[in-house]
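Below you'll find the structure I mean.
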Amino acid sequence: MSAKPSKANDKTFRRPGPMLTLVRSFCRSWSARACLAVMSVIVLAAVFAPWIAPQNPYDLAQISMLDAMLPPGSRSMSGMIYWLGTDGQGRDLLSAIIYGLGISLEVGVLTAIFAGIVGITLGLLAAYRGGWVDAAIMRLVDLQFSFPAILVALMLLAFMGKGIGNVVVALVVVEWATYARTARAAALVERSKEYIEAAICLAIPVHRIVYRHLLPNCLPSLIVIATIQIGRAIALEATLSFLGIGVPVTEPSLGLLISNGSNYMLAGKLWVSFWPGVALLVTVVTINLIGDRLRDVLNPRSL
Amino acid sequence: MAIPEHRDADISSGSAEQFVIELCGVSRSFGGPGALERLGLGRGSPVIHAVRDVSFGLRQGEVLGIVGESGCGKSTLARMVAGILKPTAGEIRWHGKPLSSLRGREGKAARLKAQMVFQNPWSAMNPRLRAAEIVAEAPRIHGLIPRGEQDAYVAHHFLLAGLDPALGDRYPHQLSGGQRQRLVIARALAVVPEMLVCDEAVAALDVSIQAQILNMLMDLREKLDLTSMFISHDLGVIEHLSDRVVVMYLGRVVENAEVAELFERPNHPYTRALLEELPRIDGERRPFAAIEGELPSPLNPPPGCAFHPRCPFAMERCRREAPALLPVASGHLSACHLNDMA
């Protein structure tokens with residue numbers, strides 16, 4: 001290894017900084033590069049949706065009922081080509097998918113962040129403290145797991161009402177337990193190693209032992225879980241929206257688009273559900289593959 | 001368990017103040033009913049008495065060797081001395097003050113004064129930190145490094161432990177076994193301890209490197225005036241390094257004597273059996289008499305003297321009554337009923 005030293009470390013270390021090393025070894029596999037490229041396209045498309053999408057599918061002035069249910073590749077009255085066809089209201093599906101991706105990703109990432117913070121903190125605490133703290137937290141996790149996720153989310157949303165914020169809250173309540181359990185399992189393995197005893201012996205403060213020594217060594221499994229959970233959150237959100245209690249109609253996610261199209265499936269007009277479904281699949285698979293590659297790369301012995 | 005009066009008063013010959021660290025009736029048990037079990041929900045794990053009623057003291061600069069079979073509580077004792085575990089009974093005194101009474105800054109300072117060198121250098125370091133950071137972290141947190149002098153401070157302690165400071169940007173897995181153990185020692189030295197607790201510090205290393213590390217530890221002891229506690233199952237190492245030796249069996253001290261005294265006139269039958277197994281270069285062939293049987297389970301220790309099921313001299317009294325650790329000569333303590341017969 002060599003080349004340019006990173007700025008932060010060039011005083012003490014001659015080697016490239018950890019981030020640079022990480023990015024380099026991540027990109028050593030062609031499938032990882034491909035996934036990164038696809039993910040970048042998805043994220044950029046979602047972020048810059050208003051500039052990229054051919055039309056704003058929720059601006060009533062831009063859509064026309066006369067264009068409803070056109071198959072992919074049709075030309076509109078105004079001369080615009082609907083590459084993926086239109087839905088029942090005459091919206092351009094490509095535009096709707098690009099807008100919907102943003103909503104789905106937003107819900108998935110926000111859920112992963114908040115559920116991760118809550119779950120990982122509680123899981124690490126349970127593993128580090130042990131005793132009754134451990135018992136209390138893990139019984140709560142068991143309680144959480146004993147209810148079907150979709151049922152809990154349904155009840156919470158029925159209580160709180162629609163809205164992106166409420167969906168995120170409901171999904172965090174559903175998902176924190178997975179993080180807690182994984183974090184605890186990984187931390188218990190690390191906890192028994194002598195470097196934690198050494199840190200105790202060196203009188204290093206507890207919060208530093210937990211976040212600086214325990215957490216980084218538990219990260220590989222947590223990152224894999226987090227990516228799977230982003231995928232799961234997106235899928236759950238799609239389910240909730242499909243059932244009509246997720247995101248509001250004014251902020252349609254991929255799930256709501258699939259739901260809209262499902263009415264036309266038996267009529268042979270598959271594209272209305274199919275293309276949002278493909279977008280959902282590609283997004284979730286890409287996220288999972290990236291998580292897998294990250295797990296390989298984050299193992300310190302592979303650096 | 002009641003804290004016994006200071007039994008080895010004759011060894012300390014007067015004030016206990018001269019001990020750097022002193023253990024008074026220290027015990028440690030594991031398991032037992034947890035919070036849920038005490039409420040009647042489920043059964044707790046069985047209680048294991050890893051260390052029972054151990055008392056001894058270390059003077060400034062002394063090297064104390066601790067020997068015993070695996071499972072006799074050596075490592076638990078080491079962790080209590082290093083402040084990683086708290087005793088469940090008894091008291092550890094640091095320069096005459098009970099550790100449990102020291103709070104806040106004073107307690108932290110006392111904790112830093114006894115540092116541990118671990119058995120397994122492969123798991124004793126955070127694999128995600130570079131060598132320099134491993135050494136620098138604790139002293140930086142505790143304000144031992146003058147501002148802007150971290151590199152020099154780290155290099156100094158690398159050199160003390162015989163490491164090339166250029167290895168500072170390596171990760172632990174990029175170092176050899178010997179280098180790792182030196183790094184563990186450098187980390188311990190970086191918080192300026194008065195005492196090193198070495199728990200089988202060289203057992204995981206190649207024999208050639210073992211000697212290097214042992215010699216370095218002895219040099220450091222003189223250079224830095226360190227008090228040390230050296231735990232090993234290798235009697236040769238113990239004889240070579242120690243001033244005083246404590247023999248443990250099933251969590252108890254069975255014999256405590258100066259090293260020459262112990263190796264020349266072992267008193268306890270267990271010690272004698274251990275010493276007979278020590279291979280000697282002088283070539284004299286002796287019948288090999290291994291201690292019969294296994295170390296009994298600490299879950300279910302035998303009544304009376306814990307060694308009686310394996311002791312060739314066991315009497316009726318040994319099955320009923322646990323022997324006390326009593327002086328048999330000046331500075332020599334042993335726990336055996338045979339001494340009462342003489």
Side-chain angles (χ1 to χ4, degrees), chain A residues 1-2 5-6 8-19 21-22 126 129-139 142 189-220 297-303, chain B residues 34-39 41-42 75 78-79 81-85 105 107-130 132-134 136-142 150-151 154 166 168-174 184 187-188 190-191 193 197 199:
Chain A
M1 319 181 161
S2 65
S6 77
N9 285 335
D10 61 3
K11 243 182 149 182
T12 336
F13 305 123
R14 291 183 310 277
R15 283 151 184 266
M19 276 316 288
T21 323
L22 187 74
R129 285 286 183 204
W132 69 267
V133 178
D134 187 18
I137 292 174
M138 293 327 285
R139 289 305 80 73
D142 289 343
V189 174
E190 295 300 321
R191 172 87 177 84
S192 66
K193 292 192 180 160
E194 284 167 337
Y195 70 86
I196 298 294
E197 287 188 327
I200 296 171
C201 193
L202 291 164
I204 289 170
V206 171
H207 63 90
R208 198 176 162 94
I209 295 180
V210 169
Y211 286 113
R212 187 89 201 269
H213 294 265
L214 220 42
L215 180 59
N217 287 293
C218 301
L219 266 187
V297 170
L298 280 173
N299 183 343
R301 267 160 286 278
S302 71
L303 284 184
Chain B
L36 286 177
E37 287 78 21
R38 256 180 249 130
L39 296 172
L41 305 167
S75 293
R79 278 161 177 71
V81 170
I84 296 170
L85 288 175
R105 189 171 294 177
K108 193 183 271 177
R111 196 134 57 108
L112 288 178
K113 288 298 173 195
Q115 283 301 315
M116 187 141 169
V117 177
F118 292 91
Q119 171 174 11
N120 185 351
W122 275 264
S123 64
M125 283 169 294
N126 184 343
R128 290 181 186 277
L129 297 183
R130 296 177 197 262
E133 173 62 13
I134 286 171
E137 184 184 19
R140 193 180 57 230
I141 289 174
H142 300 304
Q150 178 165 325
D151 290 357
V154 169
D169 61 350
R170 298 272 186 100
Y171 285 102
H173 66 90
Q174 295 168 322
V184 170
R187 174 179 65 186
V191 291
V197 180
D199 181 11

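Lettering of chains follows the sequences in order, A, B, ..., and the numbering in each one begins at 1.
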Decide side chain to side chain contact (heavy atoms under 4.5 Å, CB included) for A:Arg212 and A:Ile204; before the verdict, give the C-alpha distance in whole Å, the side-chain angles of both, and the deciding distance to 0.1 Å.
CA-CA 10 Å; A:Arg212 187 89 201 269; A:Ile204 289 170; over 6 Å; no
Counting heavy-atom pairs closer than 4.5 Å to chain B, which one of A:Glu190, A:Lys193, A:Glu194 comes out on top?
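If we count pairs closer than 4.5 Å to chain B, A:Glu194 comes out on top.
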Proximal component of B:Leu129, with respect to chain A [non-hydrogen, under 4.5 Å]:
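The side chain, not the backbone.
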So for B:Met116, is it side chain, backbone, both, or neither that comes closer than 4.5 Å to the heavy atoms of chain A?
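For B:Met116, the contact with chain A is made by backbone and side chain together.
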If I measure from the heavy atoms of chain B, does A:Arg208 come under 4.5 Å with its side chain, its backbone, both, or neither?
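Only the side chain of A:Arg208 comes within 4.5 Å of chain B.
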Measure across B:Ala114 and A:Cys201 and return the closest heavy-atom pair with its distance rounded to 0.1 Å.
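The pair with the smallest heavy-atom distance is O-SG, 3.6 Å.
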Please state whether the side chain, the backbone, both or neither of B:Arg187 comes within less than 4.5 Å of a heavy atom of chain A.
both
Tell me whether B:Arg128 is salt-bridged to B:Glu133, with the criterion being a basic N under 4.0 Å from an acidic carboxylate O.
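B:Glu133 and B:Arg128: not salt-bridged.
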So for B:Ala190, is it side chain, backbone, both, or neither that comes closer than 4.5 Å to the heavy atoms of chain A?
neither
Verdict with supporting geometry, B:Gln115 and A:Leu202, side chain to side chain contact (heavy atoms under 4.5 Å, CB included):
CA-CA 7 Å; B:Gln115 283 301 315; A:Leu202 291 164; 3.2 Å; yes
Looking at B:Ala138, B:Ala82, B:Gly83, B:Ser123, which one has more heavy-atom pairs under 4.5 Å with chain A than the rest?
B:Ser123
Do the side chain of B:Arg111 and the main chain of A:Ile200 share a donor and acceptor less than 3.5 angstrom apart?
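Yes: the side chain of B:Arg111 pairs with the backbone of A:Ile200.
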Closest contact, heavy atoms only, A:Tyr195 versus B:Pro127:
CE2-CD, 4.0 Å
Who among B:Glu137, B:His142, B:Gln119 has the most heavy-atom pairs with chain A under 4.5 Å?
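Winner by heavy-atom pair count: B:Glu137.
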